Every structure is written in C-alpha cells, then in structure tokens.
Amino acid sequence: MVIFDLLATEHQKVALSCIRCGACLNVCPVYKTIGGHAYGTTYSGPIGAVITPHMSGMEEYNHLSFASTLCGRCTEECPVNIPLHELLLYNRRDAVKQGKTDKGFAMVMKAYKIVLKKRWILETFSPGMKNFGVGIVFKGAWGNKKSLPKFKKSFASRWKNEHPY
Ligand code: SF4
C-alpha cells in the first residue's frame, strides 16, 4: 500500500527505479557525516530521505527531506538517473502543502536566524550556555547513537587568539 502511495505521486515515483546500489549514500556529505543510524529508518541516505516519508508517513519523516544541502552529488552518481535532490524538493513542497511540517522546528529556526544575524547576541552566551541550549533543542533529533558536539570557544574569541594583530 505504501508503495502505491509513492507510485501515485507525480514526480517522486521515479524513485521506485532504485536498484539499491548505495552509490548516493557514499557520496552524500550528510550521510558521510552523520552516518546511517541518525536517520532512524531502514533506508537511509538520499534515497531513504526521498522514499521514507511516503513509506512510513509524511508527518513523522518529512524532516529527512529537509536534512539535505541539495548539493546534487547523489543525482550525479545515481546509475539509473534518479534526480534525487529534485525529489527532496518535491517532498518538501508536499510536506508544506499538506501542513505536515514541524511548527516548533520552524519557530526555532526563525529564532536561530535572528541570533545568527546579530553577532553580539551570539557572544552574550557562554559556551556552557550554548551547550545547554543545543542539548535541549537537538538532543531528540540527534538520535541516541551519537553525542552532540560541544562548544568550547566562540568563533570570535578563537579568531582573536589566532589573529592577534
Ligand atoms: S544511487 Fe540511485 S540506484 Fe543507487 S541507491 Fe541511490 S537512488 Fe538507488
């Protein structure tokens, strides 16, 4: 039944021609950095991010389609020419149209954008406070197989140390 959901789509159905060679996973900068466990699904990497929302639920798994730089390496490598990075965009569009995206995450990203655009706000928080905040916001999404990276010094203080003149 879930395969038929994918087959019924206008664009994403071409993902069904996947021969499971794994080439897209091996070139994906996201997959290479976070590993397969972080996806929390049977199919990981770019092809997993395309088909899992259709197979296991758009509401629960649409975030996989958003976790991509859209660099297109997967599309270049795919031997059966599946336009993976374009299909990720169609998944994003469908998730938004269907109202299945995480509203809380969108709010966090808006706040993140405001903070990133104002260096003084970033500098206000000590590394310990940043670690605490990131731990609260991302612990669940990060998965339980890896520990979160830790802030030690701000970029500005590192820059000052390494470029004193
Ligand atoms: S590269 Fe193409 S055929 Fe190979 S696993 Fe990825 S989507 Fe499937």
Side-chain angles (χ1 to χ4, degrees), residues 1-117 130-131 133-152 155:
M1 178 151 152
V2 285
I3 292 297
F4 291 123
D5 289 349
L6 187 54
L7 191 57
T9 61
E10 185 185 350
H11 299 100
Q12 295 93 318
K13 64 184 172 192
V14 295
L16 290 170
S17 58
C18 173
I19 57 172
R20 301 179 68 185
C21 70
C24 57
L25 281 69
N26 293 328
V27 295
C28 175
V30 175
Y31 178 87
K32 285 201 290 188
T33 304
I34 66 172
H37 283 302
Y39 289 77
T41 58
T42 304
Y43 300 102
S44 56
I47 186 63
V50 169
I51 66 174
T52 304
H54 299 279
M55 293 176 64
S56 305
M58 187 59 89
E59 187 148 7
E60 297 85 350
Y61 292 99
N62 75 78
H63 65 283
L64 295 177
S65 303
F66 287 85
S68 168
T69 62
L70 301 175
C71 67
R73 290 293 314 278
C74 48
T75 300
E76 281 174 13
E77 289 298 318
C78 180
V80 292
N81 296 324
I82 300 171
L84 290 153
H85 71 294
E86 289 172 16
L87 303 188
L88 290 171
L89 280 173
Y90 285 121
N91 274 3
R92 292 182 189 186
R93 177 203 60 187
D94 291 350
V96 171
K97 265 188 180 173
Q98 295 167 21
K100 301 274 172 74
T101 50
D102 185 338
K103 309 285 179 295
F105 186 74
M107 280 173 61
V108 168
M109 283 296 121
K110 268 189 191 152
Y112 189 55
K113 182 177 164 189
I114 292 168
V115 170
L116 284 187
K117 285 171 85 176
K130 288 174 186 166
N131 289 328
V134 167
I136 289 175
V137 176
F138 292 108
K139 186 68 184 148
W142 198 252
N144 56 8
K145 306 286 184 200
K146 291 183 166 188
S147 50
L148 280 163
K150 296 275 181 221
F151 290 97
K152 290 179 184 141
F155 175 78

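Indexing begins at 1, ligand by ligand and atom by atom, following the structure's order. Quick caveat: nothing in here was measured; it's all calculated off a predicted structure.
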With heavy atoms only and a cut-off of under 4.0 Å, state how L84 meets ligand 1: side chain, backbone, both or neither. side chain
Please work out which of the three classes, parallel, tilted or perpendicular, describes the rings of Y90 and H11, given edges at 30° and 60°. parallel
Nearest non-hydrogen protein atom to atom 4 (Fe) of ligand 1, with distance, is C21 SG, 2.3 Å
Return yes when at least one N/O/S atom of C78 is nearer than 2.8 Å to atom 2 (Fe) of ligand 1, and no when none is. yes
Evaluate whether atom NZ of K130 has more than 12 neighbouring non-hydrogen atoms of other residues, nucleotides or ligands under 6.0 angstrom away. yes
So which atom in L70 and which in L89 form the shortest heavy-atom distance, rounded to 0.1 Å? CD1-CD2, 3.7 Å
What protein heavy atom sits nearest atom 8 (Fe) of ligand 1, and how far off is it? C18 SG, 2.4 Å
Taking H63's backbone N and O only, do any of them form a donor-acceptor pair with D102's side chain (distance below 3.5 Å, no angle check)? no
A student comparing G22, C24, G48 should find that the heavy atom closest to atom 6 (Fe) of ligand 1 comes from C24
Answer with side chain, backbone, both or neither: which part of I82 has a heavy atom less than 4.0 angstrom from an atom of ligand 1? side chain
In the structure I gave you, are the side-chain heavy atoms of T101 and F66 within less than 4.5 Å of one another anywhere? yes
Assess the side chains of Q12 and D94: does a donor N or O sit below 3.5 Å from an acceptor N or O? yes
Pull out every atom of ligand 1 sitting under 4.0 Å from any heavy atom of V80, numbered as shown with elements. 3 (S)
